[in-house]
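Worksheet: one structure, shown below.
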2 protein chains.
Amino acid sequence: MTRVRLTDVAARAGVSMKTVSNVVHHHPHVSPAMRARVQEAIDELGYRPNLTARRLATGRTGMIALAMPEIDHPYFSELSRSIAEVAAEMGYRVLIEQTLGEAEAERAVIMDREAGLVDGVIFHPVSMTTVEIGKLRRDLPLVLLGESARPLTTDHVMIDNVQAARDGTELLRRTGRRIAFLGTVSHDVTGSTAQRLHGYQEALELAGVPGDTSLVLETGGFRVEDARAALSAALARGLDIDAVLCRDDRFAIGALQALAEAGLSVPDDVAVLGWDDTHLATISTPTLSSIAPDKRGIARIALELLIERIGGHQGVGRHRIAPHGIEQRQSTAGR
Amino acid sequence: MTRVRLTDVAARAGVSMKTVSNVVHHHPHVSPAMRARVQEAIDELGYRPNLTARRLATGRTGMIALAMPEIDHPYFSELSRSIAEVAAEMGYRVLIEQTLGEAEAERAVIMDREAGLVDGVIFHPVSMTTVEIGKLRRDLPLVLLGESARPLTTDHVMIDNVQAARDGTELLRRTGRRIAFLGTVSHDVTGSTAQRLHGYQEALELAGVPGDTSLVLETGGFRVEDARAALSAALARGLDIDAVLCRDDRFAIGALQALAEAGLSVPDDVAVLGWDDTHLATISTPTLSSIAPDKRGIARIALELLIERIGGHQGVGRHRIAPHGIEQRQSTAGR
DNA sequence: ATGAAAGCGCTAACAG
DNA sequence: CTGTTAGCGCTTTCAT
């Protein structure tokens with residue numbers, strides 16, 4: 001049951017390893033007769049090159065690791081798919097890792113756990129700080145995603161969260177005056193929420209609207225239920241709003257639930273805008289408008305940077321902004 | 001920028017490779033003094049073992065491939081997570097592959113594309129037939145998931161779809177008489193739908209209810225929208241039902257939409273039961289009851305079978321049934 | 001308890 | 001255009 005090796009094929013075809021190798025790699029300078037003979041031996045023996053051995057010999061694995069907090073979260077699974085597909089176009093395969101946002105798992109990612117297994121890593125940190133990443137990282141090519149940490153030494157891709165939040169807020173301002181922000185999570189360690197809140201505030205200031213802290217809703221956690229509860233409670237307290245900008249699509253789903261329970265119609269009474277443009281936005285009732293990070297764009301930029309690093313590019317960390325848009329659906333119809 | 005190797009550490013510590021290897025592997029018979037000296041050299045040099053080289057030497061990769069139709073589909077991403085987590089407990093890492101259900105990609109999975117890269121493969125086929133899989137598969141350890149194909153030579157894990165459909169139908173029958181099935185997709189190549197429909201029919205027959213083909217709703221595709229449209233059209237034609245058993249959670253979401261549009265209340269007028277128990281079921285309004293395959297259980301069984309095969313187990317394909325349940329939420333409240 | 005040396009299967013100089 | 005050979009970095013007998 002021992003596997004067929006290159007030498008077995010060579011012996012069978014009565015040629016050297018090099019010739020077999022040339023055939024396997026579709027090298028040009030092989031006589032057709034030779035090629036046919038070798039191919040026959042390959043087929044008869046059912047030869048498959050051993051990828052591990054090839055990697056060791058070439059020093060190139062053709063694989064990159066992608067480390068994300070949760071592989072089954074809608075945004076991350078959709079982004080993973082984009083990255084895997086774009087990587088395939090660029091000749092790489094992707095090893096998907098889940099950190100669950102745990103510090104230890106994140107540290108393992110940075111500290112060359114994948115030594116010699118992958119050519120580089122794309123990493124979306126949650127709990128590691130900028131300082132920590134800068135300090136612990138090895139010389140493994142690395143590109144960071146998301147907004148929580150950005151060491152000066154490391155490449156980084158994100159969307160402009162502040163601008164996106166401004167765009168969203170301005171959209172909602174077109175027909176409404178009182179725009180809520182849902183939500184700031186207590187003890188949120190991710191920088192995303194802060195940036196989004198910041199953009200929301202900027203847009204209001206630019207519009208000459210006085211800040212109103214009662215419009216900023218804090219949730220107890222990241223679940224849909226937490227968002228629903230936060231908005232429900234606020235509505236019960238008499239909160240009066242025309243629209244709500246949500247931190248992500250899950251929170252927006254919670255908002256739709258809370259508004260429905262309160263007997264408010266979306267979008268007629270209150271408009272709702274989500275964030276991430278995941279598949280959730282297309283299946284809710286009403287369908288959900290959502291700030292849409294360009295996932296393919298993020299994937300492409302991250303891979304380009306990473307592949308340059310793999311190719312030997314040195315220098316300080318580059319900071320790239322990926323495009324975003326707003327996918328308009330029913331929940332903001334008329335805006 | 002050349003990496004630190006085992007020999008570098010050995011030279012630095014003034015010992016042989018073997019001793020360093022013993023330390024790295026936490027072998028028992030190493031004197032504490034020696035261990036300390038070697039560890040110091042490892043730390044100073046920042047040595048990380050090259051995993052590719054280790055793999056080539058040991059012949060074991062410690063990695064398995066998981067090939068699924070779509071990595072961002074709720075059911076598959078959740079199942080992937082379970083498999084990755086259980087695999088980690090068992091000392092394996094998972095390389096996730098996406099086939100998009102394409103015949104060519106599926107064939108590549110079977111035909112040792114991963115040669116020497118992984119120790120085995122867990123594969124959820126969609127378009128490959130039983131015969132084709134039996135014919136094309138190499139000697140790479142393989143476990144199949146899902147219900148579409150089951151060659152006699154290959155291990156296979158699934159839930160009892162027929163029984164699960166009976167269970168679901170019986171639950172719905174407790175308070176309703178007219179139970180619809182949504183949906184059979186035109187040209188559905190997966191066996192799942194047929195089995196589920198079969199279980200539904202069996203349950204009705206056992207209850208002495210005459211079959212009624214007007215209750216079996218065919219959809220034009222696998223999207224939420226297809227399901228919504230199918231049920232809407234049926235309701236518009238005057239279809240009168242007490243409950244609907246859905247082929248999967250996405251179809252159930254579509255059913256909720258169609259019922260809401262028709263002014264029917266769930267669960268009071270019509271109960272809805274989904275299938276797969278994905279996160280979608282927890283965020284819909286009302287929340288969705290769903291037939292729940294035990295994803296951890298599937299993962300555990302699949303990995304146990306695969307690891308036995310990796311360990312050299314020979315013999316005919318084993319056919320294992322994983323447990324299922326029904327997660328009851330609002331959409332069937334009162335049943 | 002530690003060292004020396006022979007592979008694991010493939011690639012890539014370098015010859016011929 | 002084809003063959004020979006020396007590694008890639010690690011594990012693993014077999015000695016000592």
Side-chain angles (χ1 to χ4, degrees), chain A residues 1-39 41-42 45-63 112-119 140, chain B residues 1-39 41-42 45-63 112-119 138-140:
Chain A
M1 168 100 171
T2 169
R3 291 192 55 85
V4 180
R5 292 156 305 166
L6 189 51
T7 52
D8 299 328
V9 177
R12 170 65 157 256
V15 300
S16 79
M17 292 173 65
K18 176 60 178 166
T19 303
V20 179
S21 173
N22 282 340
V23 172
V24 169
H25 287 126
H26 305 101
H27 271 292
H29 301 298
V30 188
S31 71
M34 187 90 279
R35 181 181 302 282
R37 182 143 61 100
V38 171
Q39 189 59 53
I42 288 176
L45 266 35
Y47 169 70
R48 305 272 126 183
N50 180 317
L51 268 4
T52 296
R54 176 179 291 172
R55 289 174 170 198
L56 183 58
T58 59
R60 178 183 187 278
T61 71
M63 200 147 90
D112 253 15
R113 170 148 101 75
E114 322 298 348
L117 231 194
V118 297
D119 296 331
L140 186 68
Chain B
M1 167 101 170
T2 167
R3 292 193 54 87
V4 180
R5 292 156 306 167
L6 189 51
T7 52
D8 300 327
V9 177
R12 169 65 156 255
V15 299
S16 79
M17 294 172 65
K18 173 61 177 165
T19 303
V20 178
S21 174
N22 283 340
V23 172
V24 169
H25 288 133
H26 306 102
H27 271 293
H29 300 299
V30 188
S31 70
M34 188 89 280
R35 182 182 301 282
R37 183 144 62 101
V38 171
Q39 189 58 52
I42 288 175
L45 267 33
Y47 169 70
R48 304 273 126 181
N50 180 317
L51 268 7
T52 297
R54 177 177 292 172
R55 288 172 170 200
L56 182 57
T58 60
R60 178 183 186 277
T61 71
M63 201 147 90
D112 253 13
R113 170 150 99 80
E114 322 299 347
L117 231 194
V118 297
D119 296 331
R138 305 297 184 111
D139 52 8
L140 187 68

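What you see is a predicted model, and the numbers here were worked out from it, not measured in a lab. Proteins get letters first, then strands, A, B, ... in listed order; numbering begins at 1 in each.
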* Partners passing side-chain hydrogen bond (donor to acceptor under 3.5 Å, both in side chains) against B:Asn50 (at least two apart in sequence or in another chain) -> none
* Could you list the residues that satisfy side-chain hydrogen bond (donor to acceptor under 3.5 Å, both in side chains) with B:Thr52, not counting sequence neighbours? => none
Nucleotide [N], atom [atom2] - distance to [atom1] of [X] in whole Å:
{"X": "A:His25", "N": "D:dT2", "atom1": "NE2", "atom2": "P", "result": "17 Å"}
{"X": "A:Arg37", "N": "D:dT2", "atom1": "CZ", "atom2": "C1'", "result": "11 Å"}
{"X": "B:Arg54", "N": "C:dG7", "atom1": "CZ", "atom2": "C1'", "result": "17 Å"}
{"X": "B:Arg55", "N": "C:dC10", "atom1": "CZ", "atom2": "P", "result": "16 Å"}
{"X": "A:Arg5", "N": "C:dG9", "atom1": "CZ", "atom2": "P", "result": "5 Å"}
{"X": "B:Asn50", "N": "C:dG9", "atom1": "CG", "atom2": "P", "result": "17 Å"}
{"X": "B:Arg48", "N": "D:dC10", "atom1": "CZ", "atom2": "P", "result": "12 Å"}
{"X": "A:Leu51", "N": "C:dC8", "atom1": "CG", "atom2": "P", "result": "19 Å"}

* Determine the minimum heavy-atom distance between B:Ala10 and B:Met17, stating which atoms define it. => CB-N, 3.9 Å
* Asked: Angle, rounded to 10°, between the helical axes spanning five pairs at each terminus of the helix from C:dA1-D:dT16 to C:dG16-D:dC1?
  -> 30°
* **All side chain to side chain contact (heavy atoms under 4.5 Å, CB included) counterparts of B:Met63, not counting sequence neighbours** => A:Met63, A:Leu95, B:Arg55, B:Thr61, B:Arg93, B:Leu95, B:Leu117, B:Val118
* Where the side chain of A:Thr58 is defined as all heavy atoms beyond and including C-beta, which of C:dT11, D:dT2, C:dT2 is the nearest nucleotide? -> C:dT11
* Output yes when a side-chain donor or acceptor of A:Arg37 lies under 3.5 Å from a complementary backbone atom of A:Val15, and no otherwise. => no
* Kindly write out the residues that satisfy salt bridge (charged side-chain N to carboxylate O under 4.0 Å, His left out) with B:Arg12, not counting sequence neighbours, or none if the list is empty. => B:Glu44
* Asked: If you measure from NZ on A:Lys18 to CG on A:Leu6, what distance do you get to the nearest 0.5 Å?
  -> 10.5 Å
* Structure fact -> Rounding to 0.5 Å, atoms CZ (A:Arg3) and CG (A:Asp8) come to a distance of 10.5 Å
* Structure fact -> Comparing nearest nucleotides in DNA chain C, the 5'-proximal residue of the pair B:Ser31, B:Ala53 is B:Ser31
* Structure fact -> Under a 4.0 Å heavy-atom cutoff, the residues of residues 10-23 of chain B touching DNA chain C are B:Val15, B:Ser16, B:Lys18, B:Thr19
* Looking at A:Val24, A:Val23, A:Ile42, which hits side chain to side chain contact (heavy atoms under 4.5 Å, CB included) with A:Val9? -> A:Ile42
